[in-house]
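Residue numbers begin at 1 in each chain, while the letters A, B, ... track the order of the sequences.
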Amino acid sequence: MKNIIPSVKGTRDFYPREMSIRTWLYGKARQVSESYGYQEYEGPLLETIELYAAKSGEELVKEQSFVFPDRSDNLITLRPELTPSLMRMVAQRQGQLHFPLRWWSYGPFWRYERPQKGRSREFFQWNIDLIGEASPEADAEMVAVMASFYKATGLPPEEVRILVNNRRLMDGELNTLGLTPEQRPQAFRLIDRRDKLSPEKWRDYALDLDLSPGQFDQLVALLENRELWKQSDEMVNFFRAIDALGVSDYVQYDPQIVRGLDYYTGTVYEGRALTPNIKRALAGGGRYDNLLADVGGAPLPGTGYAMGDVVITLLLEETGNLPQELDISPAPVLVTIFDENLLLASYRLAADLRRTGLNIACYPVPAKLGKQFKYADRIGARAALVLGPDENAQDQVTIKNLINRDQALVPQNEAPQLISKILAGEESS
RNA sequence: GCGGAUGUAGCUCAAUGGUGGAGCGCCGCACUGUGGAUGCGGUGGUUGCGGGUUCGAGCCCCGUCGUCCGCCCCA
C-alpha cells in the first residue's frame with residue numbers, strides 16, 4: 001500500500017460490485033421516472049460560479065463548492081446541485097418547450113464538506129422536476145413518484161415515510177401568531193432545527209428571535225398539530241390526490257417539515273428512513289414558484305426533489321434490499337484452453353458462440369483444467385466448455401453445467417442450443 | 001470550519017514499553033481431461049507518514065494525513 005497514490009478525499013472507487021449497485025440504482029430512477037412520463041436530461045458538470053451566486057445559498061457557494069480557475073483564469077465550479085442549470089436550460093428555451101415539463105436526471109455532484117457517514121464530496125443525485133404547473137396535484141405527483149421509487153426498491157411504508165408540509169400554510173400561521181415578515185424566515189430555520197437541539201437550547205434559540213413566551217407556546221402547539229393541514233385547501237387537495245395516486249401509506253403530514261432552503265414557496269416534502277440508524281433525509285424537495293423568474297425567465301412555477309445515492313444505498317443495504325450477486329461476470333460461459341495446440345481453435349469456438357449472441361469469456365492461456373474450472377466458478381460462470389483433442393477431432397465440445405455438474409459431449413453446431421438451455425435453467429443434458 | 005475517537009497483512013482483528021500473530025482471502029500441492037468441500041504447504045508488513053521521549057516504541061508524547069462519530073450544512 002505504501003506507494004499507491006491516494007484518491008481525492010471524499011471520493012469513492014466503484015469496484016464492479018459498487019458499480020453494479022450504482023447502475024442498478026440509476027436504472028430504478030429511470031424506471032420510476034419514465035413510468036410517470038418524465039424525460040431524461042442532463043446539464044454540464046462544470047458551471048460558472050455566477051450561476052449559483054444568483055440563487056443558491058451563501059454557504060453552498062462560498063463554503064461547499066469546488067471552485068477553481070481554469071487556464072484562462074475563469075472561475076469554474078463543479079456543480080453542487082442541478083436546479084440552477086435546469087432553470088437556465090428552461091429559461092433559454094422557454095418559448096419552444098411544451099409545458100408542463102416533466103424532466104429527470106441522474107448524475108454526479110460535488111460538495112466540499114466533511115465526509116462522513118451518508119455524506120461524500122462526490123456523489124450521485126437523482127433530480128426530478130415538474131415545471132409549469134402550480135396545482136397541489138403537481139406536488140402530489142412528485143411525492144407519488146418518490147413513493148413509487150421506494151416501492152420499486154422494496155422499501156415498505158414501515159421503513160420509509162415521506163413527510164409533507166406547506167410553507168404558505170406555515171407562513172400564514174406564523175403571521176397569525178404575530179410574527180413579522182422579517183421574523184418568519186428565521187422561524188422556519190428555528191422549526192427546521194427543533195429535532196437537532198435540546199428542548200432548552202431550542203427554546204433559547206426561539207426567544208433569541210424575540211418570540212414572546214406566549215408566541216413560543218403557540219408555536220409549540222402548532223408543531224404538535226397533526227391536523228393542521230386541514231386548514232389549507234392546498235394541502236387538502238394535495239392529500240386527496242395522494243390518495244387517488246395510491247401512495248397514502250407512504251405519506252404523512254408533519255408540521256415540523258419546512259426544509260432549509262429559502263426558495264421553497266409552497267408544499268415541501270422529505271423522504272425519511274424510519275430505521276433508527278439512518279437519520280439523514282433520503283430525499284428532499286418542494287415547490288419553488290419564483291426560481292425561474294429569479295434567473296431571468298418568465299415567471300413559471302415548479303416542483304421537484306433530489307435524492308442522493310449515498311444515504312439511500314445505506315438504507316437499502318441495511319434493509320437487505322440491494323440485489324444479490326451483483327459482482328459476477330457478465331459472461332456466464334467460460335471456454336477453457338486445453339493446451340497450446342488448441343488455443344486458437346478454442347478462440348475460434350468462442351468467437352463462433354459470440355456470433356450467436358452469447359456472452360463468452362475465454363481463459364486466456366492454457367492451464368490445468370482444474371485451475372480453469374476454479375476460475376469459472378469464481379467469476380460466477382454457469383457453464384464451462386472443454387475443447388480437448390478428442391472433441392476437436394470430431395468437431396465436438398464438452399459442455400459442463402456448473403450448477404448441477406451435468407456434462408455433455410455435443411457437436412459444436414449444437415453447442416449454442418445446449419448453452420442456452422443451461423443458462424435458462426433447464427436441466428437437459 | 002469546530003469538537004471527539006481511530007489507524008497493525010488484501011479483509012476482520014490480536015500482541016504488559018522488550019524478536020509483530022491469528023482467522024478469512026489469495027497462490028500452490030494432494031488431483032498431468034474438470035470447479036465449490038477437505039487436508040497440507042506457501043505468499044503475505046518500513047505497524048498511515050514525520051518528529052520526540054526511552055537502553056528499547058505497534059504501544060507513551062507532538063505534528064500531519066486518512067477514516068469514523070457528532071456540529072455546521074445538506075442529497
Can you tell whether the side chains of A/Glu224 and A/Arg194 come within less than 4.0 Å, N to carboxylate O? yes
When the P atoms of B/C65 and B/A75 are compared, how many Å lie between them, rounded to an integer? 29 Å
Roughly how many Å is it from CD in A/Gln116 to C1' in B/A5, rounded to a whole number? 13 Å
OP1 or OP2 of B/C73 sitting under 4.0 Å from any side-chain N/O of A/Arg189? yes
For atom P, what is the distance between B/G7 and B/U47, given to the nearest Å? 15 Å
Which comes earlier along RNA chain B counting from the 5' end, the contact point of A/Asp390 or that of A/Gly285, where each point is its nearest nucleotide? A/Asp390
Can you list, in residue-number order, the parts of residues 364-372 of chain A that come under 4.0 Å of RNA chain B, counting heavy atoms only? A/Lys368, A/Leu369, A/Gly370, A/Lys371
For a quick test of reading the model: is some side-chain N or O of A/Arg378 closer than 4.0 Å to OP1 or OP2 of B/C26? yes
Check every strand shown and say whether A/Val386 touches a base, only sugar-phosphate, or nothing at a heavy-atom separation below 4.0 Å. base
Does any donor-acceptor pair link the side chain of A/Glu113 with the base of B/A75 at a separation under 3.5 Å? yes
Test log, rule side-chain hydrogen bond (donor to acceptor under 3.5 Å, both in side chains), inputs A/Thr11 and A/Glu122: CA-CA 5 Å; A/Thr11 61; A/Glu122 181 179 65; 5.1 Å; no
Rounded interatomic separation in angstrom, taking CZ from A/Phe373 and C1' from B/G33: 8 Å
Do we see A/Phe338 stacking on the base of B/G33, given a limit of 5.5 Å between centres and 30° between planes? no
If the P atom of B/C59 is compared with that of B/U43, how far apart are they to the nearest Å? 27 Å
Rounding to the closest angstrom, what is the interatomic distance between B/G39 and B/C24 at atom P? 9 Å
May I ask you to say what A/Gly10 touches in the nucleic acid, namely base, sugar-phosphate or nothing, with a heavy-atom cut-off under 4.0 Å? sugar-phosphate
Per nearest nucleotide of RNA chain B, the residue lying toward the 5' end, A/Arg280 or A/Arg114, is A/Arg114
Do the non-hydrogen side-chain atoms of A/Leu222 and A/Leu228 ever get within less than 4.5 Å of each other? yes
More than 12 foreign heavy atoms under 6.0 Å from CZ of A/Phe66: is that the case here? yes
Non-neighbouring partners of A/Ala376 that pass side-chain contact (heavy atoms from CB on, under 4.5 Å), sequence neighbours left out: A/Leu334, A/Ala381, A/Leu402
Does any non-hydrogen side-chain atom of A/Phe124 lie less than 4.5 Å from one of A/Leu25? no
Base-pair map of RNA chain B as dot-bracket, where | denotes pairing with a different strand and pairs are Watson-Crick or G-U under 3.5 Å: (((((((..((((....[..)))).(((((.......))))).....(((((..]....))))))))))))....
Show me the pairs that pass side chain to side chain donor-acceptor pair (under 3.5 Å) and involve residues 140-163 of chain A, at least two apart or across chains. A/Tyr36-A/Ser148, A/Tyr38-A/Glu141, A/Arg102-A/Glu141, A/Arg161-A/Gln252
Mind calculating the distance between CG (A/Leu78) and C1' (B/A75) to the nearest angstrom? 17 Å
How would you label the contact of A/Ile312 with the nucleic acid (heavy atoms, under 4.0 Å): base, sugar-phosphate, or nothing? nothing
If you take atom types as modelled and just measure distance, does the side chain of A/Arg119 reach the base of B/C73 with a donor-acceptor pair under 3.5 Å? no
How many angstroms lie between CD1 in A/Ile191 and CG in A/Leu219, if you round to the nearest 0.5 Å? 5.0 Å
Would you mind listing every side chain to side chain donor-acceptor pair (under 3.5 Å) that reaches into residues 300-317 of chain A, with sequence neighbours excluded? A/Arg12-A/Asp309, A/Asp139-A/Thr303, A/Tyr269-A/Thr303
For B/C74, does either OP1 or OP2 sit under 4.0 Å from a side-chain N or O belonging to A/Gln64? no
Basic-acidic side-chain contact under 4.0 Å: A/Asp352, A/Arg355: yes
Does a side-chain N or O from A/Arg121 land closer than 4.0 Å to OP1 or OP2 of B/C73, or not? no
Using atom C1' in both nucleotides, what's the gap between B/U64 and B/A22 to the nearest angstrom? 32 Å
Name the nucleic acid region contacted by A/Ser120, choosing base, sugar-phosphate or nothing; use a 4.0 angstrom heavy-atom cut-off, strictly under. base
Rounding to a whole Å, what distance do you find between A/Tyr363:OH and B/G35:C1'? 12 Å
Look at all strands and tell whether A/Ala306 reaches a base, only sugar-phosphate, or nothing, counting heavy atoms closer than 4.0 Å. sugar-phosphate
Would you say the side-chain atoms of A/Glu133 and A/Ser135 include a donor-acceptor pair closer than 3.5 Å? yes
Counting any heavy atom closer than 4.0 Å, what does A/Tyr305 reach on the DNA or RNA strands: base, sugar-phosphate only, or nothing? nothing
Applying a 4.0 Å non-hydrogen cut-off, can you work out what A/Thr336 is touching in the nucleic acid: base, sugar-phosphate, or nothing? nothing
Counting heavy atoms from C-beta on, name the nucleotide in B/C69, B/U67, B/G36 closest to the side chain of A/Arg405. B/G36
Between B/A14 and B/U32, how far apart are the C1' atoms? Round to whole Å, please. 42 Å
Salt-bridge criterion met for A/Glu42 and A/Arg79 (N-O under 4.0 Å): yes
P atom, B/G45 versus B/G10: distance in rounded Å? 7 Å
Please classify the nucleic acid contact of A/Glu270 as base, sugar-phosphate, or nothing, using heavy-atom distances under 4.0 Å. nothing
P-based separation of B/A9 from B/U46 [nearest Å]: 9 Å
Can you check the A/Phe109 CZ to B/C73 C1' distance for me, whole Å? 17 Å
From CG of A/Asn401 across to P of B/U34 the rounded distance in Å is 18 Å
Please confirm whether the shortest side-chain N or O distance from A/Lys400 to OP1 or OP2 of B/U34 is below 4.0 Å. no
To the nearest angstrom, how far is A/Glu81 atom CD from B/C73 atom C1'? 13 Å
For A/Ala273, give me all partners under side-chain contact (heavy atoms from CB on, under 4.5 Å), at least two apart in sequence or on another chain. A/Thr275, A/Ile278, A/Leu282, A/Leu315
Starting at CG of A/Asn341 and ending at C1' of B/G33, how long is that distance when rounded to a whole Å? 15 Å
